[in-house]
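Here is the structure we will look at.
All residue numbers in this chain count up from 1 along the given sequence.
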Amino acid sequence: MPDIALSLVRVSKAFGADPILDNLSFGLMVGEKVGLIGRNGAGKSTLFRLLSGEDTPDSGEVVVTQGLRVARLSQDPHFPADATVRTALEWALADHRQLIQRHGEIHEELHTCQDKSREERLHAELERVEHHLHHMGWDIEPRLKEAQTTWGLADLETRVESLSGGWRKRVALAQAWLKDPDVLVLDEPTNHLDPEQVEKLEVWLQGFDGALLLITHDRHLLDSVVDRMLELEGGRITSYDGSYSDYLLEKSDREFREARLTEHMQNRLRREMAWLRRGARARTRKSKLRIQDVLDLKDDVQDRTRLETRQDLVFRGGDTRSDVLLTAEKVCFDYGNGIELMGGLDLLLQRRLRLAILGPNGCGKSTLLKLLLGDLEPTSGKLVRHPKLSVSAISQGRAELDGSLSILDNLADRAAVVNVGSSTMHAHVYLTRFGFAVEHQGRLASTLSGGERNRLLLAKAMLHPADLLVLDEPTNDLDIPTLQNLEEALLDYPGTLLLVSHDRFFLDQVATHTLAWNPEGTLRWELYEGNPGTVKRLRAERAAVASSNTKKEAPKSPVRTESTKSRKPGLSQKEMRRLAEVETELQTRNDQLAALDAILADPSAFVSSQAPGHQALKDRDTLKAQLDELELEWLELEEKRGQETGRNE
């Protein structure tokens with residue numbers, strides 16, 4: 001097996017006068033899993049098209065090692081108009097079908113072959129074919145059934161183009177899975193997928209033993225799958241070893257070193273410019289060379305200090321000072337089809353609550369938001385909003401934009417100025433800070449890309465103070481730097497936040513509470529304190545406890561059954577001692593957490609790669625996990641002690 005699966009050798013690509021890729025080279029090794037990130041417009045999609053053979057470089061070469069099976073998944077897969085799910089999956093098995101056919105042909109040839117050297121070549125080919133078929137299977141139909149089950153494709157006879165984006169993405173993933181590739185190139189594979197399917201994708205990629213190039217904004221997926229990161233910026237690629245979290249730490253260190261180098265160059269430039277202003281004589285060859293060096297240094301410093309103009313994201317809170325913005329009691333809703341979606345929802349929305357709404361596609365998340373915003377009325381139950389509640393919302397369909405109006409008119413409704421905080425600003429100047437050049441602000445909103453539509457809506461939302469900010473899939477089509485800016489803005493937002501997103505990393509960073517859908521529970525929606533990552537862990541622990549209790553409750557003899565029934569509620573002596581120990585450990589861990597927070601609050605904690613801040617971050621994550629476990633144990637023991645108290649009363 002070759003070491004290099006695919007490579008780009010000095011590849012350049014430009015559109016007009018603007019270079020997108022500039023003399024770019026990199027290699028993807030067999031068995032290596034690499035993540036590729038970059039800003040919108042950096043050239044990631046161009047790179048994917050080159051790797052897919054949909055486009056050719058202006059110069060350089062794209063090399064895929066001969067004999068390797070390659071599967072590629074585009075960001076928005078398309079299928080022929082008449083293709084069904086079955087025919088789409090069968091296309092992916094075309095190579096497999098040919099191998100089965102070739103297996104029969106080789107056997108027929110061997111029966112009649114008289115040439116010894118030809119016979120040896122046929123036996124060698126037969127060995128390769130049988131090795132593949134032993135791995136893939138000798139029958140097509142079981143493979144189709146397995147793909148159907150793995151990716152949840154219910155009806156194989158449905159036309160693919162009639163499906164939603166999420167279902168089409170499932171079909172495309174099933175195609176890639178069926179090919180059993182040696183090399184896998186995926187462009188935004190999690191777009192439109194619900195959390196359950198993203199987890200299936202994650203499990204597949206973790207177990208995939210081929211070469212993987214993963215182009216995605218899903219930082220959770222990058223963190224759990226890849227072992228090397230590539231950042232595409234300015235037409236060039238920078239490589240970082242490790243996961244996405246490792247990339248963040250290493251990039252922070254690199255930026256610190258770059259900043260120190262830039263500062264050093266600026267100081268040197270000031271000295272050299274002072275020498276020039278004193279009237280440097282250019283009569284000698286040495287003086288001429290020094291003057292040229294100064295001019296070159298000036299260009300280098302300007303390149304290093306040329307910052308991208310952008311608006312810091314800031315969401316302003318509304319004027320309502322009440323701690324309670326909305327209450328829901330026993331709220332139920334159906335669309336007249338008898339299918340109840342809310343299941344008697346109880347919810348209290350308080351100030352500064354950042355609530356993630358978590359559930360698969362079709363569970364009713366959008367309906368829930370419409371109920372809370374007043375676009376729908378509950379069929380039963382009570383829903384009360386504060387009378388002065390101000391709301392700002394961005395829907396998943398981006399319906400807040402009028403496609404027939406220009407970018408500028410969508411923002412300011414033909415006004416020349418906008419209110420930004422306590423001051424005013426020209427509307428076109430405000431838009432330039434969100435990446436919309438003045439000469440492009442007359443474009444119709446209908447011509448904007450997904451990322452541009454999202455940026456425009458965020459710019460618009462920040463002009464309107466709101467007590468309640470509702471964001472439905474706000475991360476779609478945003479690049480990672482913009483996502484990081486959005487996270488920081490939401491963490492600083494003084495109002496209440498409702499979030500729906502498939503971006504697990506984003507939700508874990510921002511959410512303080514989670515409203516999670518539970519199809520098997522008495523309550524359809526369950527409220528948890530903590531982010532979705534906490535919910536996943538707590539549910540897994542709850543399932544483990546339930547499984548353990550089921551085993552314990554299985555009666556092995558009549559005597560043990562009686563013993564169980566006669567046991568008094570409350571804590572045993574051993575459990576009482578453990579409760580005291582847990583309370584002491586909780587206090588100790590909280591003191592340790594406060595000490596780590598004090599280290600992290602010091603600006604000098606990250607001044608170098610050896611500074612204490614990096615280790616403190618890791619220690620804090622470990623400590624938080626220990627605290628979560630201790631708090632869960634404390635709650636279980638307290639609940640058990642409460643049962644005894646209630647009985648005595």
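With rounding to the nearest 0.5 Å, the separation of CG in Leu156 from CZ in Arg86 is 5.0 Å.
Side-chain N or O atoms of Gln206 include one that pairs as donor or acceptor with a backbone N or O of Ser224 at under 3.5 Å. Side chain of Gln175 to main chain of Trp177: no donor-acceptor pair is present (N/O by atom type, distance under 3.5 Å, no hydrogens or angles). The backbone N or O of Ile357 lies less than 3.5 Å from no partner atom in the side chain of Lys365, so there is not a single donor-acceptor pair. Between the side chain of Thr65 and the backbone N or O of Ile4, at least one donor-acceptor pair lies under 3.5 Å. The backbone N or O of Gly31 lies less than 3.5 Å from no partner atom in the side chain of Asp209, so there is not a single donor-acceptor pair. A side-chain donor-acceptor contact under 3.5 Å links Glu473 to the backbone of His502. Counting only distance, with no hydrogens or angles, the side chain of Asp218 and the backbone of Thr190 share no donor-acceptor pair below 3.5 Å. A donor-acceptor pair under 3.5 Å is absent between the side-chain atoms of Thr512 and the main chain of Leu353, judged by distance alone.
The shortest distance between side-chain heavy atoms of Glu233 and Thr238 does not fall below 4.5 Å. Contact check for Leu222 versus Ser243: no side-chain heavy atoms found under the 4.5 Å cut-off.
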**Q.** Steps toward side-chain contact (heavy atoms from CB on, under 4.5 Å) verdict (Leu186, Leu212)
**A.** CA-CA 8 Å; Leu186 305 179; Leu212 170 67; 4.2 Å; yes

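Shown here is Lys200, whose NZ atom has more than 12 heavy atoms of other residues, nucleotides or ligands within 6.0 Å. Counted within 6.0 Å of CD on Glu340, heavy atoms from surrounding residues, nucleotides or ligands total more than 12; the atom is thus considered enclosed.
Residues passing the ring-ring contact (aromatic ring centres under 6.0 Å, His included) test with Tyr244 are Tyr247, Phe505, sequence neighbours excluded.
Glu526 has a carboxylate O that lies under 4.0 Å from a charged side-chain N of Arg539, or vice versa, which qualifies the two as a salt bridge. Ionic pairing of Glu202 and Arg504 is present here: one or more N-O contacts between side-chain nitrogen and carboxylate oxygen are shorter than 4.0 angstrom.
In terms of heavy atoms, Arg72 sits closest to Leu51 at NE-O, 2.7 Å. Minimum interatomic distance between Pro189 and Leu193 (heavy atoms only, all atoms of both residues): O-CD1, 3.3 Å.
In summary, the side chains of Asp472 and Ser395 do not present any donor paired with an acceptor at a separation below 3.5 Å, with no hydrogens or angles considered.
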